[in-house]
Amino acid sequence: MRSTKIVTSFVTSSDKLLLLKRSERVKSMRGLWGAVSGIIEKGEEPLRRAEIEIFEEIGIESSQIQLLKAGREMTISSPQYPDHQWTVFPFLFSTREQKISLNWENSSYVWIEPQEIHRYETVPRLSDVLFNLL
């Protein structure tokens, strides 16, 4: 079984949670809602990768975010990829910025109440990752 290490970063602002809809141009989980995420490069610190992904995907610099919590590492399987596991390093950040500048990886975004996450078709176990942080 293959395994990939990724970061999943939730960003909050004014008690709202940012969700991103994955574009049709990405390799995996197209059209599903998720948080800011990315593959951890070999030897890279997960927190540093999280900050890089936040800047790349939503245009918010590390000086504009505050780490609220780093969750425990989780292993997640996906029905889309039966021979693959994702090792997720979850983070929760806050920002005062609500103006988002999406890159090509995501097609739209919404600010929601955390309990509304179940209304969205998300990447596998996203709500588990979120509630691990709250």
Side-chain angles (χ1 to χ4, degrees):
M1 180 168 297
R2 288 185 39 214
S3 180
T4 303
K5 292 181 180 180
I6 64 170
V7 294
T8 296
S9 299
F10 289 95
V11 178
T12 63
S13 182
S14 300
D15 297 325
K16 298 281 188 171
L17 177 74
L18 179 66
L19 284 186
L20 305 171
K21 188 169 188 178
R22 295 181 56 78
S23 79
E24 294 300 317
R25 297 169 59 192
V26 294
K27 288 183 183 178
S28 64
M29 314 288 174
R30 291 182 185 120
L32 299 178
W33 291 89
V36 177
S37 64
I39 295 173
I40 299 171
E41 306 296 331
K42 189 173 183 167
E44 187 174 42
E45 287 295 321
L47 179 58
R48 180 65 186 129
R49 172 50 47 193
E51 293 170 339
I52 291 168
E53 293 294 334
I54 288 170
F55 178 70
E56 289 178 354
E57 291 189 27
I58 63 174
I60 296 177
E61 297 190 30
S62 59
S63 62
Q64 297 173 297
I65 56 174
Q66 177 185 2
L67 177 64
L68 298 177
K69 186 174 181 184
R72 63 176 167 74
E73 178 182 323
M74 301 172 68
T75 301
I76 295 176
S77 297
S78 166
Q80 282 184 313
Y81 304 94
D83 295 328
H84 199 105
Q85 286 185 325
W86 309 91
T87 303
V88 178
F89 293 80
F91 296 97
L92 178 64
F93 292 92
S94 69
T95 185
R96 291 185 178 161
E97 297 296 318
Q98 287 195 334
K99 184 178 179 192
I100 302 303
S101 178
L102 295 177
N103 72 356
W104 62 272
E105 294 175 68
N106 298 290
S107 58
S108 61
Y109 70 91
V110 290
W111 290 99
I112 65 166
E113 299 287 337
Q115 65 272 17
E116 294 176 313
I117 195 167
H118 299 292
R119 296 181 185 172
Y120 294 84
E121 186 178 358
T122 68
V123 299
R125 296 189 52 207
L126 187 67
S127 61
D128 293 341
V129 177
L130 173 62
F131 293 116
N132 174 32
L133 291 165
L134 297 180

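Note that this is a predicted model, so its numbers are computed, not measured.
The distance from atom CG of L68 to atom OG of S94, rounded to the nearest 0.5 Å, is 4.0 Å. Put simply, CE on M29 and CD on E121 are 11.5 Å apart, with the number rounded to the nearest 0.5 Å. Separating the CD atom in E41 from the CD1 atom in I52 is a distance of 8.5 Å, to the nearest 0.5 Å. In this structure, CG in L130 is found 10.0 Å from CD in Q115, a value given to the nearest 0.5 Å. For the atom pair I6 CD1 and R49 CZ, the distance stands at 12.0 Å (nearest 0.5 Å).
Here the shortest heavy-atom pairing between S77 and Q85 reads OG-CG, 4.0 Å. For the residue pair G71 and L133, the shortest heavy atom distance occurs at N-CD2, 3.3 Å. When every heavy atom of Q64 is checked against every heavy atom of E97, the shortest pair comes out as NE2-OE2, 3.4 Å. What you find for L134 and P114 is that their closest heavy atoms are CD1-CB, 3.9 Å. Listed here is the closest heavy atom pair of I54 and V36: N-CG1, 3.7 Å. Closest non-hydrogen pair, L102 versus S107, comes out as CD1-C, 3.8 Å.
Under a cut-off of 6.0 angstrom, the local environment of CD in E56 is crowded, with over 12 non-hydrogen atoms contributed by other residues, nucleotides or ligands. More than 12 heavy atoms of other residues, nucleotides or ligands lie within 6.0 Å of CG in L67, so this atom counts as buried by the packing criterion.
At a threshold of 4.5 Å between non-hydrogen side-chain atoms, the residues L126 and F10 count as touching. Looking only at side-chain heavy atoms (C-beta outward), S14 and Q98 come within less than 4.5 Å of each other. Side chains of V26 and W104 form a contact here, defined as non-hydrogen atoms less than 4.5 Å apart. Between V123 and W86, the closest side-chain pair of non-hydrogen atoms is not below 4.5 Å. At a threshold of 4.5 Å between non-hydrogen side-chain atoms, the residues I76 and V129 count as touching. R125 places a side-chain heavy atom less than 4.5 Å from the side chain of M74. Side-chain contact between T122 and L32 is absent, with no heavy atoms from C-beta onward closer than 4.5 Å. At least one side-chain heavy atom of Y120 sits under 4.5 Å from a side-chain heavy atom of I112.
Cluster annotation: L47 is connected to I58 through the hydrophobic network of ILVMFWY side chains, with a link wherever side-chain heavy atoms come within less than 4.5 Å. Note on V7 and W33: separate hydrophobic clusters, where clusters join Ile, Leu, Val, Met, Phe, Trp and Tyr whose side-chain heavy atoms are under 4.5 Å apart, directly or indirectly. Grouping the Ile, Leu, Val, Met, Phe, Trp and Tyr side chains by contacts below 4.5 angstrom, directly or via other members, places F91 apart from I117. Placement of V110 and I100 in two distinct hydrophobic clusters is found when ILVMFWY residues are connected by side-chain heavy-atom separations under 4.5 Å, directly or transitively. Placement of I60 and L19 in two distinct hydrophobic clusters is found when ILVMFWY residues are connected by side-chain heavy-atom separations under 4.5 Å, directly or transitively.
For E51, the salt bridge (Lys or Arg N to Asp or Glu O under 4.0 Å) criterion is met by R48, not counting sequence neighbours. Take Q66 and apply the side-chain hydrogen bond (donor to acceptor under 3.5 Å, both in side chains) test, not counting sequence neighbours, and it matches no residue. With sequence neighbours left out, the side-chain hydrogen bond (donor to acceptor under 3.5 Å, both in side chains) criterion links R119 to E116.
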Would F93 and S62 count as a side chain to side chain contact (heavy atoms under 4.5 Å, CB included) here? Give the steps.
CA-CA 10 Å; F93 292 92; S62 59; over 6 Å; no
Evaluate the criterion side chain to side chain contact (heavy atoms under 4.5 Å, CB included) for residue pair T87 and E73; output intermediate values, then yes/no.
CA-CA 7 Å; T87 303; E73 178 182 323; 3.2 Å; yes
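The aromatic rings of W111 and Y109 sit perpendicular to each other, their planes meeting at more than 60°, with 30° as the lower class boundary. Aromatic ring orientation, F131 versus H118: parallel (interplanar angle below 30°, classes split at 30° and 60°).
The closest donor-acceptor contact from the side chain of T95 to the backbone of S13 lies at 3.5 Å or more, if one exists at all. Without hydrogens or angle criteria, S9 side chain to L92 main chain gives no donor-acceptor distance under 3.5 Å.
With respect to N106, the side chain to side chain donor-acceptor pair (under 3.5 Å) criterion is satisfied by exactly one of R22, K21, R25, E57: E57.
Using a 4.0 Å cut-off between a side-chain N of Lys or Arg and a carboxylate O of Asp or Glu, K16 and E113 qualify as a salt bridge.
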